[in-house]
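See structure below.
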Protein chains: 2
Amino acid sequence: MEFPQARKSIERALGAGKLVVCVGNCTIKYAGRAASKISEGDRLLVIKHDGTFLVHQSTGMKAINYQGPGSVVSVAEENGELIVKSERTKPMHELIEVHFKRVDYCDSFEMHDDTKLQLFGSEKELARILMQDLHLIEPGLTPLKGESDVKRGSIDILAQDSAGSTVAIELKRRSAGLDAVTQLKRYVEQLQKRKGRRVRGILCAPEITANALKMLAGEGFEFFKLDYEIANPSAKIKGLQRKQKVLGEYGP
Amino acid sequence: MEFPQARKSIERALGAGKLVVCVGNCTIKYAGRAASKISEGDRLLVIKHDGTFLVHQSTGMKAINYQGPGSVVSVAEENGELIVKSERTKPMHELIEVHFKRVDYCDSFEMHDDTKLQLFGSEKELARILMQDLHLIEPGLTPLKGESDVKRGSIDILAQDSAGSTVAIELKRRSAGLDAVTQLKRYVEQLQKRKGRRVRGILCAPEITANALKMLAGEGFEFFKLDYEIANPSAKIKGLQRKQKVLGEYGP
DNA sequence: GCGATCAGCGGCACG
DNA sequence: CGTGCCGTTGATCGC
């Protein structure tokens, strides 16, 4: 495909708010929060009317170069190359330059779409359900507040047990690692400082790594294995089972 | 574009290892680690020969539905729809179904590209440079080890000060938040348990949030503002300045 | 707007 | 393979 034609196609499309799709051989330079370059190869360029700018290689899931909504796109012909630039200033000045040596395909499309994805099984959804089902953890455990902000972050679920003790619950929709335990620890420490007495920490997740479980036990926290299913169009908690922990069973 | 033609185009492309680009009106269902659905709208579908499967709306940076390399793609015509499926089993069974009511464009491309992106300014690169420049933090601070694994994670840089004390350094390439301080705290606690004596914790980042700085000070750690630039084709540390901290200056 | 956290996170490196 | 953690993380929601 000839450069002038491709150039006009892109310019017209940008003005008309259309989606641009372009395939060809190019080199790319990027400078901004980081910097990158890549030598010649065939790639796919997608430009959306909101300024989204994506360059994909022939393999791999993520774009090798990208710019979020809000970037300003321009096209030029120079030294026998078709140069497409994307510039933004939002987090800082960032520039991508795609230098096409050859364009195999370039066209644009009107895209009508006023819908939004409905997602089920998010952590927030699980938390909302779990709030109603705290008795699955233990009888007498009652919810106080969901998504409760403390000075050092926000606790997923705040509850109270039958003895009147405060309980901080950290929920994960997938396997919990060290970071989850560390997070819980931060909240519990903060709450204890505020309340002046012992606060229980409970981690709910479908799995937990061995290392995280050791740390959890060392901190005196509890783990509950969360069994859930995503029954469209919502999620459902199938079970909540205490993972037995014996003090001193796990190494330091 | 007619469905049979689009279907053949996709099937042939998949067999030939080409990149498929398809634009049209569709609904999408997804079920796997989570679940989602979306009603009719115009979208862009990209299928790579490695099984990567991406569906984009006309705005926004991220694909609304996706599958990483390794998914198995199939096409069918059914009830007046062109149905493209992507199935995988890797983390678990996951299925995307794209139901096209209309196809505006569908073609495939041979993509030759044996190059890899060269990225500059990563944290790892900064760490390597900083290791040589620990004197910028304080005279007599000497590197012991980079990326040092302890039982509860891995420390970016392990060092020793002129008094012989162990120093754990956590490095961030962008503004540090509570999570960075929490991470550092975990490492320091682990080291202290192992060494049996006080270990210093230092956080190096271009910025730190006010809240994180409070927590840092409360833990007795130190913050150094990291000033760097990415001078292609490498990064360079321009300065490293102690952020003054006075005990008790920050609230709990 | 910043700030904290989630994400179907993905990707990488190391044990 | 799991585990930990970075990412030009992006996206969201609360303050």
Side-chain angles (χ1 to χ4, degrees), chain A residues 30-36 52-53 60-69 71 88 90-96 117 119-127 147-156 170-183 186-187 207-212 230, chain B residues 30-36 52 60-69 88 90-96 117 119-127 147-156 170-183 186-187 207-212 230:
Chain A
Y30 155 71
R33 286 168 291 177
S36 74
T52 298
F53 193 94
M61 178 153 159
K62 305 182 83 169
I64 52 169
N65 284 108
Y66 55 88
Q67 204 102 248
S71 92
R88 84 153 104 157
K90 199 170 36 176
M92 64 179 288
H93 183 259
E94 297 201 288
L95 174 63
I96 300 174
L117 189 79
L119 184 69
F120 312 104
S122 67
E123 183 191 294
K124 181 175 288 190
E125 189 183 359
L126 291 177
E147 197 64 9
S148 163
D149 285 4
V150 292
K151 287 206 193 75
R152 298 291 177 266
S154 55
I155 302 168
D156 284 339
E170 175 63 27
L171 176 64
K172 288 290 170 226
R173 71 177 308 286
R174 59 171 182 168
S175 184
L178 285 176
D179 53 346
V181 180
T182 314
Q183 227 178 94
R186 194 202 319 150
Y187 304 148
E207 300 290 341
I208 186 170
T209 66
N211 208 6
I230 306 166
Chain B
Y30 154 72
R33 286 168 291 178
S36 74
T52 299
M61 178 152 162
K62 303 184 86 171
I64 52 170
N65 284 107
Y66 55 87
Q67 206 98 251
R88 87 157 73 150
K90 201 170 34 178
M92 63 179 288
H93 183 259
E94 297 201 288
L95 174 64
I96 300 175
L117 189 79
L119 182 70
F120 313 105
S122 67
E123 183 191 294
K124 181 175 290 190
E125 188 182 359
L126 291 177
E147 198 62 11
S148 162
D149 285 3
V150 292
K151 288 206 192 76
R152 299 289 177 268
S154 57
I155 303 167
D156 284 340
E170 175 63 28
L171 176 64
K172 289 289 171 226
R173 72 178 304 288
R174 59 174 183 168
S175 183
L178 284 176
D179 53 345
V181 181
T182 312
Q183 226 178 96
R186 188 189 341 137
Y187 305 148
E207 300 291 342
I208 185 169
T209 66
N211 209 5
I230 305 166

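Numbered from 1 within each chain, the chains take letters A, B, ... in sequence-line order.
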task = Search all heavy atoms of A:S71 against all heavy atoms of A:F53 and return the closest pair with its distance.
result = OG-CB, 4.3 Å
query = Can you tell me how far C1' in D:dA11 sits from the matching atom in D:dG7, rounded to whole Å?
reply = 14 Å
message = Just N and O in the side chain of A:Y187: are any of them under 4.0 Å from OP1 or OP2 of C:dA4?
response = no
request  = Check the distance between C:dA7's P and A:I230's CD1 and give it to me in whole angstrom.
outcome  = 11 Å
inquiry  = To the nearest 0.5 Å, what is the distance between CZ on A:R33 and CD on A:E94?
reply    = 4.0 Å
task = For residues A:R88 and A:G68, report the shortest heavy-atom separation together with the two atoms involved.
result = NH2-N, 2.8 Å
ask   = Which heavy atom of B:Q67 sits nearest a heavy atom of B:I96, and at what distance?
value = NE2-CG1, 3.7 Å
remark   = Rounded to whole Å, the NZ-P distance (B:K90 to C:dG11) equals 8 Å
ask   = Distance check: side-chain N/O of B:R186 vs OP1/OP2 of D:dC5, anything under 4.0 Å?
value = yes
Nearest-Å distance once atom P is located in both C:dA4 and C:dG8 = 22 Å
Sugar-phosphate, base or nothing in reach of A:E170, heavy atoms under 4.0 Å = sugar-phosphate
Atom-pair distance (CZ on B:R152; P on D:dG4), nearest Å = 9 Å
remark   = Counting primed atoms, P, OP1 and OP2 as sugar-phosphate and everything else as base, the B/S/- map of nucleotides 7-15 of chain D against protein heavy atoms under 4.0 Å is BBBSS-S--
task = Round to the nearest Å and state the distance from A:L171 atom CG to C:dT5 atom C1'.
result = 13 Å
request  = Answer yes or no: does a side-chain N or O of B:Q183 lie under 4.0 Å from OP1 or OP2 of D:dG4?
outcome  = no
request  = Using atom CD of B:E207 as one end and atom C1' of C:dG3 as the other, report the distance to the nearest whole Å.
outcome  = 14 Å
request  = Starting from C1' on C:dC2, measure out to CG on B:L178 and report it in whole angstrom.
outcome  = 13 Å
ask   = Can you check the A:K172 NZ to C:dG8 P distance for me, whole Å?
value = 13 Å
Output side-chain donor-acceptor pairs under 3.5 Å for residues 174-182 of chain A, partner residues at least two apart or in another chain, one line each.
from: A:T182; atom 1: OG1; to: A:L178; atom 2: O; distance (Å): 2.6
from: A:T182; atom 1: OG1; to: B:R186; atom 2: NE; distance (Å): 2.9

request  = For D:dG4 versus D:dT8, give the span between their P atoms, rounded off to a whole number of Å.
outcome  = 22 Å
query = Hey, mind stepping through A:I155 and A:E170 against side-chain contact (heavy atoms from CB on, under 4.5 Å) and telling me if it holds?
reply = CA-CA 7 Å; A:I155 302 168; A:E170 175 63 27; 5.8 Å; no
inquiry  = For a quick check of understanding: with a heavy-atom distance under 4.0 Å over all strands, which category does B:G153 fall into, base, sugar-phosphate or nothing?
reply    = sugar-phosphate
Check ion pair B:R173-B:E123 (N to O, under 4.0 angstrom) = no
request  = Rounded to the nearest angstrom, tell me the gap between atom CG in A:D179 and atom C1' in D:dC6.
outcome  = 12 Å
